[in-house]
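Take a look at the structure below.
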Amino acid sequence: MYKRLKDEAYYRKFYFQDSFHAQCMDVDPLTMDQFDRSAESIKKIIDHPVFRTCRHIVGVGCGDSNIAVFSVKDAFEHYLPDVEYEGVEAIEMSRHYVYPDDGSDTAALFVSYSGSVIRTMEAMKQCQRHGITTIGVTANAHSPTAAECDIFYHTNNPAGDNNAGLRTYYSNVISCVILAAAMAEVRTGKSYLPELREQVQKYHDAFFTRIERIDEICFQAAIHFMDKKIIEVTADGHNFWAGKFIQAKIVELSGDACSVVDSENYMHVNSHMCPGSDIVELVIINSNDANVRNIVNSTNAMVKRGGREVLLFSDKAPEEIGITEPVLFCQVSVPEKQWNFLAPIYSYLPGSIFAGFRHTTLGEPMFRGGMDISFFPATYCSPMDVVDL
């Protein structure tokens with residue numbers, strides 16, 4: 001672990017930008033390239049009858065992929081209001097899920113970048129036994145998932161650094177959103193994908209206009225919060241799943257204890273965690289969401305009653321949404337309200353950038369296993385004294 005320097009002004013961001021940071025920044029050029037790759041792939045499979053007839057869709061995965069299938073629920077509800085969509089953990093699907101007697105009107109998405117996750121494969125075979133059409137959503141055309149699913153949806157990710165799964169998470173999320181829009185096209189005869197692409201481009205441009213400022217604030221927050229022992233993420237609705245992704249990156253990168261909670265359960269349960277001075281709270285607020293008042297009240301309570309320091313990710317300034325207590329504010333862009341279901345394609349990214357700086361400023365190697373210095377020099381070659389590494 002690195003020793004904390006007395007003067008925070010000495011820290012230079014350059015020394016703490018490692019491969020994970022590069023992967024976060026790579027979502028910018030990846031965005032439209034991946035959109036077009038997934039849209040091209042969907043054309044090859046969308047004529048399958050199940051996309052016109054199914055009344056129930058189940059999204060399944062493990063780890064980051066499982067978080068992705070939960071985060072796209074709003075997109076399926078937007079494009080397919082007459083279709084029931086649910087996200088289910090692979091272990092639930094393989095061991096405990098109550099299957100219908102007739103699975104012919106159900107389709108299941110099995111999302112896996114590698115296509116080789118054993119638990120996901122087990123769940124897929126269970127679905128096939130119950131007559132459910134299985135759709136493998138994977139970048140690996142030579143994987144067991146691609147070979148054994150009923151319909152292979154190739155995400156066709158461009159080559160790049162997929163360490164810690166950030167680029168692949170974006171690919172999985174946008175691929176599922178595109179699937180929802182394409183299914184709506186074949187069911188209604190209307191065109192949705194061109195407008196969807198236009199709105200993704202618009203959201204991309206607005207979001208990445210702020211990326212340098214987001215990057216700087218997350219770096220300064222990582223330095224400021226170096227002595228904190230626990231990290232918590234509070235978020236509601238689709239942002240809760242962004243919080244789950246951020247939690248995974250924090251655990252994988254710096255190994256910190258990190259919890260995720262919605263604003264209601266924060267007030268009921270997690271507000272009793274103490275001492276608050278040991279906890280840094282990451283709060284994600286989208287002013288288009290319906291539950292803003294509740295999470296604002298929780299944020300005020302975190303500071304006033306809980307004694308916590310808060311890093312707020314929001315599209316509006318604290319005072320605009322009713323936050324009266326002092327917080328560290330990082331402004332982010334969100335889609336227009338009618339396109340709010342697109343928020344999950346980027347809502348995890350600022351917190352992930354913070355997670356990356358958290359592990360490099362602490363001098364904690366990714367996954368606790370150490371890394372080859374020739375590939376990850378920024379993780380190790382920093383102007384700091386290192387002890388007990």
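Not measured: the values here are computed from a predicted model.
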- Query: When rounded to the nearest 0.5 angstrom, what distance separates CD in Q17 from SG in C24?
  - Reply: 11.0 Å
- hydrophobic_cluster_shared for L312 and F207, side chain cutoff 4.5 Å: no
- Any side-chain heavy-atom pair from S191 and E185 closer than 4.5 angstrom? yes
- Query: Do M93 and M124 sit in the same hydrophobic cluster, where Ile, Leu, Val, Met, Phe, Trp and Tyr count as joined when their side-chain heavy atoms come under 4.5 Å apart?
  - Reply: yes
- Evaluate side chain to side chain contact (heavy atoms under 4.5 Å, CB included) for E84 paired with R55, printing each intermediate quantity in order. CA-CA 6 Å; E84 179 188 9; R55 294 297 172 189; over 6 Å; no
- Task: Check whether the side chains of N140 and T138 place a donor and an acceptor atom closer than 3.5 Å, and report yes or no.
- Result: no
- Query: V69 and Y113: same hydrophobic cluster, using ILVMFWY side-chain contacts below 4.5 Å?
  - Reply: no
- Message: Classify the ring geometry of Y99 against H130: parallel below 30°, tilted from 30° to 60°, perpendicular beyond 60°.
- Response: parallel
- Hey, what's the ring geometry for W339 with F341, parallel, tilted or perpendicular (30° and 60° as the breaks)? tilted
- Message: Let's go through K43 and E40 carefully: what are the C-alpha distance in whole Å and the side-chain angles of both, what is the deciding distance for salt bridge (Lys or Arg N to Asp or Glu O under 4.0 Å) to 0.1 Å, and is it a yes or a no?
- Response: CA-CA 5 Å; K43 293 177 184 178; E40 190 63 30; 3.5 Å; yes
- Flag, side chain of S94 to backbone of I91, donor-acceptor distance under 3.5 Å: yes
- Look at the rings of Y346 and Y170 and say which category their plane angle falls in: under 30° parallel, 30 to 60° tilted, over 60° perpendicular. parallel
- Message: More than 12 heavy atoms of other residues, nucleotides or ligands under 6.0 Å from CD of E212: yes or no?
- Response: no
- In plain terms, say whether E216 and K13 are close enough for a salt bridge, that is, a side-chain N and a carboxylate O under 4.0 Å apart. yes
- Query: Between S41 and H154, is there a donor-acceptor pair closer than 3.5 Å when you use the side chain of the first and the backbone of the second?
  - Reply: yes
- Message: Working to the nearest 0.5 angstrom, can you tell me the gap between D227 CG and D278 CG?
- Response: 9.5 Å
- Among V200, I174, D36, side chain to side chain contact (heavy atoms under 4.5 Å, CB included) partner for T31: V200
- Query: Can you check whether G61's main-chain N or O pairs, donor with acceptor, with S65's side chain at less than 3.5 Å?
  - Reply: no
- Verify whether one side chain among N294 and N297 offers a donor that lies under 3.5 Å from an acceptor in the other. no
- Check the angle between the aromatic planes of F51 and H48 and answer parallel, tilted or perpendicular using the 30° and 60° thresholds. perpendicular
- Task: Rounded to the nearest 0.5 Å, what's the gap from CG on N286 to OG on S333? Could you check?
- Result: 11.0 Å
- Query: Any chance the side chains of T134 and D150 put a donor and an acceptor closer than 3.5 Å?
  - Reply: yes
- Query: How far apart are the C-alpha atoms of S19 and M366, what are their side-chain angles, what is the distance that settles it, and do they pass the side chain to side chain contact (heavy atoms under 4.5 Å, CB included) test?
  - Reply: CA-CA 10 Å; S19 66; M366 298 179 191; 3.4 Å; yes
- Do the side chain of S287 and the main chain of K316 share a donor and acceptor less than 3.5 angstrom apart? no
- Query: Do L311 and F354 come within less than 4.5 Å of each other through their side chains, counting heavy atoms only?
  - Reply: yes
- Message: What I want to check is whether the side chains of Q331 and R210 have a donor and an acceptor closer together than 3.5 Å.
- Response: yes
- Taking the side chain as every heavy atom from C-beta outward, state whether I211 and D28 have any pair of such atoms under 4.5 Å apart. no
- Item | Exam field: side chain D215 to backbone I353, donor-acceptor pair closer than 3.5 Å | no
- Message: Ring of F76, cation from K73 - is the NZ or CZ under 6.0 Å from the centre and inside 45° of the axis?
- Response: no
- Item | Flag, side chain of D64 to backbone of Y169, donor-acceptor distance under 3.5 Å | no
- Is there a side-chain contact between T53 and D105 (heavy atoms, below 4.5 Å)? no
- Message: As a quick check of understanding, evaluate salt bridge (Lys or Arg N to Asp or Glu O under 4.0 Å) for E89 and R119, giving each step before the final call.
- Response: CA-CA 10 Å; E89 293 88 352; R119 187 69 70 206; over 6 Å; no
- Message: Membership question, hydrophobic clusters at under 4.5 Å side-chain separation (ILVMFWY): are I57 and Y192 in the same one?
- Response: yes
- Item | Shortest non-hydrogen separation from F70 to V88 and the atoms involved | CZ-N, 3.9 Å
- Message: I'd like to check Y153 versus K44 (side-chain heavy atoms, cut-off strictly below 4.5 Å). Are they in contact?
- Response: no
- Take L30 and S171, measure what side chain to side chain contact (heavy atoms under 4.5 Å, CB included) needs, and give me the verdict at the end. CA-CA 9 Å; L30 174 69; S171 298; 4.3 Å; yes
- Task: Over all heavy atoms of both residues, which pair between R37 and N156 is shortest? Give the atoms and the distance, please.
- Result: NH1-O, 2.9 Å
- Query: Does some side-chain heavy atom of C149 sit less than 4.5 Å from a side-chain heavy atom of F110?
  - Reply: no
- Got a second to check how far T299's OG1 is from E325's CD, nearest 0.5 Å? 10.5 Å
- Task: Check step by step if side chain to side chain contact (heavy atoms under 4.5 Å, CB included) holds for T133 and C54.
- Result: CA-CA 9 Å; T133 302; C54 72; over 6 Å; no
- Salt-bridge contact K249-E252 (side-chain N to carboxylate O under 4.0 Å): yes
- Checking Q34 side chain against T155 main chain: does a donor-acceptor pair fall under 3.5 Å? yes
- For D256 and H359, run side chain to side chain donor-acceptor pair (under 3.5 Å): C-alpha distance rounded to whole Å, both residues' side-chain angles, the deciding distance at 0.1 Å, then the answer. CA-CA 9 Å; D256 286 291; H359 101 89; over 6 Å; no
- Task: Spell out, as yes or no, whether a donor-acceptor pair under 3.5 Å connects the side chain of K228 to the backbone of S277.
- Result: yes
- Query: Nearest heavy-atom pair of Y348 and L166: which atoms, and what distance?
  - Reply: CE1-CG, 4.2 Å
- Query: Minimum heavy-atom separation for S114 to S143, with atom names?
  - Reply: O-CB, 3.3 Å
- Basic-acidic side-chain contact under 4.0 Å: K125, E148: yes
- Taking all non-hydrogen atoms of both residues, which atom of S352 and which atom of F20 are closest, and how far apart? O-CE2, 3.2 Å
- Message: Just to verify, which of I284, V260, V251 counts as forming a side chain to side chain contact (heavy atoms under 4.5 Å, CB included) with I246?
- Response: I284
- Message: Distance alone, cut at 3.5 Å: any donor-acceptor contact between the side chains of Q338 and H78?
- Response: no
- Side-chain heavy atoms under 4.5 angstrom apart, residues restricted to Ile, Leu, Val, Met, Phe, Trp, Tyr: same cluster for V58 and V111? no
- So do V60 and N66 actually touch side chain to side chain, heavy atoms under 4.5 Å? no
- In short, F313 meets L282 closest at the heavy-atom pair CE1-CB, 4.4 Å
- Query: Ignoring hydrogens and geometry, is there a side-chain-to-backbone donor-acceptor pair from T145 to G115 under 3.5 Å?
  - Reply: yes
- Task: Scan side-chain atoms only and decide if H224 and Q220 contain a donor-acceptor pair under the 3.5 Å cut-off.
- Result: no
- Query: Backbone N or O of A68 within a donor-acceptor pair of the S71 side chain at under 3.5 Å?
  - Reply: yes
- Query: Applying side-chain hydrogen bond (donor to acceptor under 3.5 Å, both in side chains), which residue pairs with at least one partner in residues 230-242 are found, sequence neighbours left out?
  - Reply: E232-S259, E232-N270, E232-R308, T234-E281, D236-S263, D236-N291, H238-D289
